[in-house]
Peer 1: 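This is the structure I want to talk about, given as structure tokens.
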Amino acid sequence: MENKDIPRLRDIPLIVITFLLVLIPWTFFRAEDAGQALYILKKIFTSFSFSDIDMFYPKRLLIIIGLVAFEWMQRRHEHPLNIGFLPPWARYIAYFAIIMAIFLFGTYNYTPFIYFQF
Amino acid sequence: MSPDNNKKSEYSAFLRKSFLVLLPFLVIFLAFDVMALLAGETVSVKRVIRAQNPDGAPGAGSEGMAPVLYGRKVVDQELKKYKFFQHESRNSEVIAVGSSRILSMRGSFFEPYFTFTNTGSIAHNIGDLEDFVSRLATSTEKRYMFLSPDYYWFGKLRSAESALSKDLGMMDASVDWRAHIFSARFLFNEALRKPANISSYFGGQFKKSYGFQGRKGDGYLPDGSYLYSTWISEFRENGEYKDREQPSIIERVRSGSGSYAFDNDLDESRLETLDMVLKDLKAKNFYVIGLGLPFSTEVYFELTTNERQKGLFLKSQKRVPQIFAANGFSYFDYSDLRRLKLDDRYMFDGVHSSETAMAAILLDALKKTDRKDFEHRDEIMARLKKMINAPGTVPFELSEEAL
């Protein structure tokens, strides 16, 4: 899987399982307390409904797919923005696009991550 | 070249490159930020008040010109701060106090007999009211207050903590860097969607107003009352009632959400606070007229029949007038529109009434008030009657000539 540009079919369940295994502990990080986290997890397994999720708008879905694809393509680099191999004009366009994306979609409220609470 | 010089030139090259990368964004951002400033969205509350009251003179705009409105859309409107400083700047003889439900009461109702300021939205609970009243100065001249406490202020579930002091202590929202990002972003998105939208913020009838909403004709007039231009145009098109709040008020009442949380009991301490507030107002030489403002017929029906809502509503309808009476003031209940022979066309949504409804409410309240308690009562009543009966007056707006 490591050296392929496109994941093989049998790799996909492994990717999904890894992703889910990361998401479950994140519920505890994001929730107010352990009780709320357990409540969220219980709801996911007992009354989950796609209609309650608003991310399935075409635009958002495209952005998510784009970001995941970019992460995949750049997975062998130290970080995804390691684009030194591109010509300068392409890098400038990429930087400009990132700055504009922060401007257009950024949320600027201070929401401390859970690590800061320890 | 020494290693120090080498480092220096690397550093300046880095800065130069960073600047070049940021330059296109800075140009775009500054252009839209300046436009937002010119549209008044990022102008401070105090500057807006100075513009609305030139030379401290109260009034609703210059003769023949559209009034200067205040209506930020993206940046926090800081309503409590705006209303408090507006009140201080105008120092009017008559004030209206309550939530947004009293915002249709206009200064023109009292002209030329009294100056008027509508501080509607300064109080969203009993704590806000207490805080505001404690800041009012004692007057040697008699002053008047139309006070409209909402029934849910007296429920146990509603917070009684004042937000006024906190708001007054905070720096103006227009100074916050996020205000500039959000307002520039809003205009940029507008330009992407429909470039012609941008010009609508810089021309037209309300081009002297402050804020994106104000430029569209929705905002606070210099007397503090609210002009609902968008809703009025909708009414002009079809003349039909619609609960325009999102989510609608009737939905909120039925589901017990927000201010309409299911709560069947009065909190006695909140009634005691109202009593103290009225005593304080009396000591400060205010004559207070209490108003129970109208609900749409479906909301009123729900509040009086829903088993999970009617307890608090009906109990407060009974107790609040008693507290006003105990302090020598009147309280008139217009919760039920039908008492004034009005219908839902006089409402913008489940709780906000039109200026025509407000004129009818004031006329009825003054009719029931003793002449000696309210100076110029008869003259103001005659003026209100003229406004209501003017040929251009319709349920959702008074005739412009009459105003």
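Order of the sequence lines sets the chain letters (A, B, ...), proteins ahead of strands, with each chain counted from 1.
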Peer 1: Would you name the heavy atoms of Lys80(B) and His124(B) that are closest together and state the gap between them?
Peer 2: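 Between these two residues, the closest heavy atoms are NZ-ND1, 2.6 Å.
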
Peer 1: Check Asp218(B) against Leu69(B) and note the closest heavy-atom contact, atom names and distance.
Peer 2: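 Closest approach of Asp218(B) to Leu69(B): N-CD1, 4.0 Å.
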
Peer 1: For chain B, find its close neighbours in residues 94-101 of chain A: heavy-atom separation under 4.5 Å, sorted by number, or none.
Peer 2: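 Result: Tyr95(A), Phe96(A), Ile99(A), Met100(A).
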
Peer 1: Tyr82(B) and Glu78(B): side-chain donor and acceptor closer than 3.5 Å?
Peer 2: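 Judged by distance alone, the side chains do not pair up.
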
Peer 1: Between Phe103(A) and chain B, which part of the residue has a heavy atom less than 4.5 Å away: side chain, backbone, both or neither?
Peer 2: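 Contact with chain B involves both backbone and side-chain atoms of Phe103(A).
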
Peer 1: For the CH2 atom of Trp153(B) and the CG atom of Leu129(B), what is their distance to the nearest 0.5 Å?
Peer 2: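 Output value for this atom pair is 5.5 Å.
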
Peer 1: So which part of Phe188(B) gets closer than 4.5 Å to some heavy atom of chain A, the side chain, the backbone, both or neither?
Peer 2: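 Contact with chain A: side chain only.
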
Peer 1: Looking at Phe262(B), I'd like to know if the NZ or CZ of Arg308(B) sits under 6.0 Å from its six-membered ring centre while staying within 45 degrees of the ring's axis.
Peer 2: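 Verdict for Phe262(B): a cation-pi partner in Arg308(B).
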
Peer 1: Flag the pair Arg193(B) and Glu190(B) as a salt bridge only when some basic side-chain nitrogen lies within less than 4.0 angstrom of an acidic carboxylate oxygen.
Peer 2: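 Answer for the salt bridge query: yes.
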
Peer 1: Once rounded to the nearest 0.5 Å, what's the spacing between atom CG of Asp172(B) and atom CG of Asp76(B)?
Peer 2: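 One gets 9.0 Å once the value is rounded to the nearest 0.5 Å.
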
